[in-house]
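The analysis underlying the following values was restricted to heavy atoms, covering all of them including side chains, and did not include hydrogens, waters or symmetry mates. Every number for a ligand or one of its atoms is a count from 1 in the order of the listing.
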Amino acid sequence: MSDERARYFDNAATTPLDPRVLEAMLPALRDDWGNAHSIHACGLRAMAAVEQAREAVAELVGAEDPSQIVFTSGATEANNWVLHSFEHGLISPFEHSSVLEPAQSLGYTVLANDGFTLHPPDQPAPLISVMKVDNETGAIFEPEQVRPWAKALHTDATQALGKIAFDVSLYDFASMSSHKFYGPKGIGALYIQGDAPIQPYMLGGEQETGRRAGTLNVPAIIGMGEAARLAQDEIEVDQGKANRLRPLVLSALEDVPDWRINGHETCSPFILSISFLGVEGESLVIDLDRSGFAISSGAACSSRSTEPSHVLTALGLETQWLRGTVRLSFGRFNTEEAAEELGRALTTSVTRLRNVR
Ligand code: PMP
């Protein structure tokens, strides 16, 4: 493969499947195709593989018991499940659309903020949902501040898991998604702390001890388990790489005037949001694509929307900066060489696009 993955700097949208994950999934696609709930040998083999994967995911998040992990179709489903289980709640203004949209339809309260600092609510609520790592800016939110504001605490840990230290014991619920840490798409999980109050959301069969109906996607679950194992073993190596790549890109921008980082003192090293004055973020994305680099102008889930980012708007970023924002997100398969080239390509594109205005 010519390594497109080296120049793919959109790892917050999705990560490439790790070849070791693919290898782990192949037997279940080819030979062990049983329904994990069948009681014959073929089904039992599938169920044994599912339970091994559950253990690996539980270990990665630091769950006390693998039974606290319920597989879902991804973080979107896990987020919807938690929010729909409470009549009212609080969310931060920075949440991903898969929290924001259900919260709005259910009449949840969006907390006021000052920069990344959240203001306490007027009244405590049954649930509060605050993401661990913001997918647009990489800002990290700690649970301690918001914990007293509600009976139950949920976090969308999608951009945190396998990337930064994460201690699930501080939460009642945590959502996660395999394709953000080199596993397959369409599989994720919800962590449910022992006695946290939650009803099933998908009704039907008795799978997942009656908590989530639907035939288990065994190959994808195996892939998520293998990806979790690899993430746990390699988290420091992956972090080290992100910490090296970030300054390589930034130092190439030294001679470019009028740009800023939309960050926070505690930020994930994997996400870098930069705004350039006098350039459209979308034009930069397209221009860099022509040079062989994949970056994004915001969250992939809303990249076709013409609305400005709700996250950057909540941070009070003025329109002139908002429009020129791009997100670079680093991953396991990027190289130092590609990061340096990306910095130079960004410099060239920003200069050219400013000149054509
Ligand atoms: N939450 C966050 C913070 C995300 O970045 C994403 C993926 N863009 C999701 C939720 C949705 O995850 P999934 O693709 O598994 O539904």
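Comparing Met131, Glu95, Gln159, His96 by heavy-atom distance to atom 6 (C) of ligand 1, the nearest is His96. With Asp156, Val133, Asn79, Thr155 as candidates, the residue nearest to atom 3 (C) of ligand 1 on a non-hydrogen basis is Asp156.
Residue Gly74 has at least one heavy-atom neighbour below 4.0 Å for each of these atoms of ligand 1: 15 (O). The distance from ligand 1 to the heavy atoms of Lys180 drops below 4.0 Å at these ligand atoms: 5 (O), 6 (C), 7 (C), 8 (N). Residue Ser98 has at least one heavy-atom neighbour below 4.0 Å for each of these atoms of ligand 1: 10 (C). Within ligand 1, counting atoms from 1 as listed, the ones closer than 4.0 Å to a heavy atom of Asn135 are 3 (C), 5 (O).
A salt bridge does not link Arg229 with Glu59: every distance from a Lys NZ or Arg NE/NH1/NH2 to an Asp or Glu carboxylate oxygen is 4.0 Å or more.
Of all the heavy atoms of Lys185, none lies under 4.0 Å from any atom of ligand 1, so neither backbone nor side chain is involved. Only the side chain of His179 comes within 4.0 Å of ligand 1, judged by heavy-atom distances. At a 4.0 Å heavy-atom cut-off, ligand 1 touches Ala75 through backbone and side chain alike.
If you chain together hydrophobic residues whose side chains sit under 4.5 Å apart, Ile128 and Val82 never meet in one group.
The shortest heavy-atom contact between Val311 and Glu136 is CG2-OE2, 3.5 Å.
Counted by atom type alone, Lys180 and Thr15 present zero donor-acceptor pairs between their side chains at under 3.5 Å. If you check the side chains of Asn262 and Ser275, you find a donor sitting under 3.5 Å from an acceptor. In this model, a donor atom of one side chain and an acceptor atom of the other lie less than 3.5 Å apart for Asp134 and Thr137.
Applying the 6.0 Å contact sphere to CD of Glu144 captures more than 12 heavy atoms from other residues, nucleotides or ligands.
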